[in-house]
Amino acid sequence: MKAFIVDRYKKKGALRFGEMPEPEVRDRDVLVEVRAVSLNPLDAKIRDGEFKLILPYRLPLILGNDVAGLVVRVGSRVRSFKPGDEVYARPAKDRIGTFAEFIAMDEADVALKPRNLGMGEAASIPLVGLTAWQVLVDRAHLAAGQKALIHAGSGGVGAFAIQLAKHLGATVATTTSTANVDLVKSLGADVVIDYKKEDFAKTLSGYDVVLNSLDEDTLERSLNVLKPGGKLVSISGPPDVGFAKEHGLNWALQQVMRMFSFGIRRKAKRHGVGYSFVFMRADGGQLSKIGALIEAGVIKPVVDRVFPFPAINEAMEYLETGRAKGKIVITLE
Ligand SMILES: NC(=O)c1ccc[n+]([C@@H]2O[C@H](COP(=O)([O-])OP(=O)(O)OC[C@H]3O[C@@H](n4cnc5c(N)ncnc54)[C@H](OP(=O)(O)O)[C@@H]3O)[C@@H](O)[C@H]2O)c1
């Protein structure tokens with residue numbers, strides 16, 4: 001089958017378009033004919049070799065972490081899906097490879113595609129939707145009446161997280177540049193901080209939750225926004241011991257993660273707030289719940305540009321400008 005492949009880790013290296021064997025279909029797997037995928041900064045980081053320690057892939061590797069497509073075959077023990085089902089998924093981290101004609105995934109990681117979305121829009125959802133869910137619902141337990149700051153509201157994660165936080169009943173503040181103020185307002189943000197004109201750390205206070213997806217300076221200044229007992233949750237690092245344990249990393253790597261996060265944990269403690277890192281995981285059950293919110297019109301996909309499959313390298317370059325509004329989608333149809 002045709003696929004986009006990483007042969008060796010290289011910063012900004014182009015993906016090779018080539019032939020790879022069709023994936024093996026295990027007992028609990030569904031084989032999906034890929035109709036659309038979306039790009040994530042994670043794809044670029046894996047290609048660059050940044051995740052070598054945490055995700056030791058065997059090369060050559062088919063890249064890609066989001067998919068929507070058609071089930072064409074199921075393993076002998078699959079109960080929830082049948083050929084012909086339209087599905088979407090973020091495959092498990094050790095079974096990525098959506099930039100291809102087919103991918104096999106455990107049925108537990110897959111959900112039926114929301115009926116009101118096309119394949120391209122559906123492929124834009126899984127990784128960012130699950131990330132927002134696992135931060136705001138699972139980790140922060142964001143509740144009605146609370147205040148949440150979502151950084152980078154116009155990005156893939158931010159655009160979804162604003163809508164989810166509003167659905168949970170929170171008051172939502174977000175940071176963005178002047179060009180994207182109207183977009184984040186349309187997604188429901190109550191307070192918009194244009195980072196070109198204002199400093200969020202001086203403007204906002206008394207928040208319950210901050211979702212950080214930006215740099216270390218933003219992470220540290222976010223402490224000023226939180227009230228005592230508040231929660232600072234980062235998805236852009238630094239990783240902590242809880243993450244290392246959850247992902248089965250060995251004792252030595254656990255100590256490395258403890259060291260990486262030592263500074264921010266100490267500062268958070270001084271502010272009387274909690275710090276933790278989330279690395280999202282595949283979860284078909286959560287994707288079904290997200291699908292229900294999408295079908296109810298509560299959450300809408302935000303797609304910036306759509307590229308054809310052969311143009312994935314061009315799409316990766318656009319991703320790496322860091323300026324995308326919502327998601328970048330690739331269609332195979
Ligand atoms: N740990 C996890 O499980 C996990 C999961 C998903 C993502 N992530 C990480 O989270 C980060 C964000 O991911 P993403 O998919 O949302 O990225 P993205 O869609 O590529 O983010 C692009 C957006 O970021 C905004 N942005 C850039 N600098 C900003 C700033 N200083 N203040 C406010 N907004 C800014 C840009 O808006 P402007 O043009 O207006 O600046 C743009 O709309 C990445 O580092 C990614 O690797 C981690």
Side-chain angles (χ1 to χ4, degrees), residues 38-48 50-51 54-55 65-66 90 92-93 96 123-136 138-139 149-164 173-185 187 189 191-201 203-204 210-222 225 233-240 242-244 246-247 257 260-261 276-283 286 301-305 315-329:
S38 75
L39 303 191
N40 291 282
L42 177 62
D43 300 317
K45 292 176 185 179
I46 291 173
R47 178 210 58 198
D48 289 354
E50 277 183 38
F51 276 80
I54 298 169
L55 302 171
N65 285 279
D66 266 326
R90 183 278 197 256
K93 64 184 191 313
I96 69 165
S124 77
I125 297 291
L127 191 141
V128 294
L130 290 168
T131 303
W133 189 282
Q134 289 163 20
V135 169
L136 298 178
D138 294 350
R139 182 63 55 87
L149 166 62
I150 312 284
H151 279 296
S154 57
V157 174
F160 191 101
I162 291 173
Q163 300 180 78
L164 180 60
T174 193
T175 51
T176 195
S177 68
T178 316
N180 293 323
V181 167
D182 289 343
L183 168 67
V184 297
K185 278 189 183 158
L187 297 172
V191 182
V192 179
I193 306 290
D194 177 346
Y195 68 78
K196 303 239 178 200
K197 298 181 181 154
E198 267 178 290
D199 178 356
F200 73 90
T203 314
L204 307 175
V210 176
L211 192 177
N212 177 60
S213 55
L214 296 169
D215 58 8
E216 206 171 318
D217 177 57
T218 306
L219 179 73
E220 291 193 2
R221 291 189 310 112
S222 294
V225 166
V233 185
S234 183
I235 58 170
S236 49
D240 58 6
F243 152 77
E246 205 178 310
H247 287 265
M257 302 301 156
F260 280 166
S261 56
S276 66
F277 175 76
V278 164
F279 188 74
M280 62 79 56
R281 57 183 166 71
D283 189 325
Q286 285 183 352
V302 180
V303 174
D304 181 340
R305 289 177 65 180
M316 289 286 284
E317 279 174 28
Y318 181 53
L319 171 83
E320 291 183 279
T321 63
R323 296 275 83 83
K325 303 176 203 325
K327 297 284 298 177
I328 302 163
V329 164

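These numbers come from a predicted model, not from an experiment. Residue numbers start at 1 and run along the sequence shown. Counting convention: from 1, in listed order, for ligands and their atoms alike.
Ile54 places none of its side-chain heavy atoms less than 4.5 Å from the side chain of His247. Ile235 has its side chain out of reach of Met280: every pair of non-hydrogen atoms, C-beta onward, lies at least 4.5 Å apart. Leu136 places a side-chain heavy atom less than 4.5 Å from the side chain of Ile150. The closest side-chain heavy-atom distance from Ser236 to Asn212 is below 4.5 Å.
Remark: minimum distance from atom 3 (O) of ligand 1 to any protein heavy atom is reached at Met280 N, 2.7 Å. Among all protein heavy atoms, the one lying closest to atom 5 (C) of ligand 1 is Thr131 OG1, 3.3 Å. Shortest contact from atom 45 (O) of ligand 1 to any protein heavy atom: Lys45 NZ, 2.9 Å. Looking only at protein heavy atoms, the nearest one to atom 36 (C) of ligand 1 is Gly322 O, 3.4 Å. In this structure, atom 43 (O) of ligand 1 lies nearest to the protein heavy atom Ala324 O, 2.6 Å. Counting only heavy atoms of the protein, atom 10 (O) of ligand 1 lies nearest to Ile235 CD1, 3.4 Å.
Between Gln134 and ligand 1 there is no heavy-atom distance shorter than 4.0 Å. Heavy-atom distances between His151 and ligand 1 stay at or above 4.0 Å for every pair. Look at Asn40 and you'll find every heavy atom at least 4.0 Å from all atoms of ligand 1. Judged by the shortest distance from any of its heavy atoms, Thr174 lies outside the 4.0 Å radius around the atoms of ligand 1.
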Audit row: Phe200, Ser222, side chain to side chain contact (heavy atoms under 4.5 Å, CB included) steps and yes/no:
CA-CA 8 Å; Phe200 73 90; Ser222 294; 3.7 Å; yes
Before giving the answer on side chain to side chain contact (heavy atoms under 4.5 Å, CB included), spell out for Gln286 and Arg281 the whole-Å C-alpha distance, their side-chain angles and the decisive distance to 0.1 Å.
CA-CA 10 Å; Gln286 285 183 352; Arg281 57 183 166 71; 3.8 Å; yes
Could you walk me through whether Arg90 and Ile96 pass the side chain to side chain contact (heavy atoms under 4.5 Å, CB included) check?
CA-CA 8 Å; Arg90 183 278 197 256; Ile96 69 165; 3.7 Å; yes
For a side chain to side chain contact (heavy atoms under 4.5 Å, CB included) check, start with the C-alpha distance between Leu55 and Lys45, then their side-chain angles and the critical distance, and finish with the verdict.
CA-CA 11 Å; Leu55 302 171; Lys45 292 176 185 179; over 6 Å; no
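With Thr176 as the fixed residue, the side-chain contact (heavy atoms from CB on, under 4.5 Å) test singles out one of Val181, Asp182, Ile162, Asp194: Val181. Results of the side-chain contact (heavy atoms from CB on, under 4.5 Å) test with Val278 over Asp138, Val135, Asp240 single out Val135 as the only residue that passes.
Between the side chains of His151 and Ser213, not a single donor N or O lies within less than 3.5 Å of an accepting N or O. Between the side chains of Asn65 and Lys93, not a single donor N or O lies within less than 3.5 Å of an accepting N or O.
Counting heavy atoms under 4.0 Å from ligand 1, residue Asn180 touches it through the side chain alone. Here Val157 has heavy atoms under 4.0 Å from ligand 1 in both its backbone and its side chain. Contacts of Leu127 with ligand 1, taken as heavy-atom pairs under 4.0 Å, involve the side chain alone. Contacts between Ala152 and ligand 1 below 4.0 angstrom, taking non-hydrogen atoms only, involve backbone and side chain alike. In Lys327, neither the side chain nor the backbone holds a heavy atom less than 4.0 Å from any atom of ligand 1.
An N or O contact shorter than 3.5 Å is missing between Phe279 and ligand 1 by distance. Residue Arg323 places at least one N or O, backbone or side chain, under 3.5 Å from an N or O of ligand 1. By the 3.5 Å distance cut-off applied to N or O atoms, Val128 is not counted among the residues near ligand 1. Here's the thing with Tyr195: one of its N/O atoms is less than 3.5 angstrom from an N/O atom of ligand 1. Backbone and side-chain nitrogen or oxygen atoms of Leu214 are examined, and none is located within less than 3.5 angstrom of a nitrogen or oxygen of ligand 1.
Taking a cut-off of under 4.0 Å to the non-hydrogen atoms of Val278, the atoms of ligand 1 that pass are 1 (N), 2 (C), 3 (O). Of all the atoms in ligand 1, the ones that sit under 4.0 Å from a non-hydrogen atom of Thr176 are 40 (O). Every atom of ligand 1 is numbered from 1 in the order shown, and the set under 4.0 Å from a heavy atom of Ser154 is 36 (C), 37 (O), 40 (O), 42 (C), 43 (O).
Ring-centre distance between Phe279 and Phe51: below the 6.0 Å cut-off.
When the heavy atoms of Pro41, Ser234, Gly155, Ser213 are ranked by distance to atom 20 (O) of ligand 1, first place goes to Pro41. Ranked by closest heavy atom to atom 40 (O) of ligand 1, the top entry among Gly153, Gly156, Ser177 is Ser177.
The neighbour count for Glu216 CD, taken as heavy atoms of other residues, nucleotides or ligands under 6.0 Å away, does not exceed 12.
Under the 3.5 Å distance criterion, the side-chain polar atoms of Asn40 are left unmatched by any main-chain donor or acceptor of Asp43.
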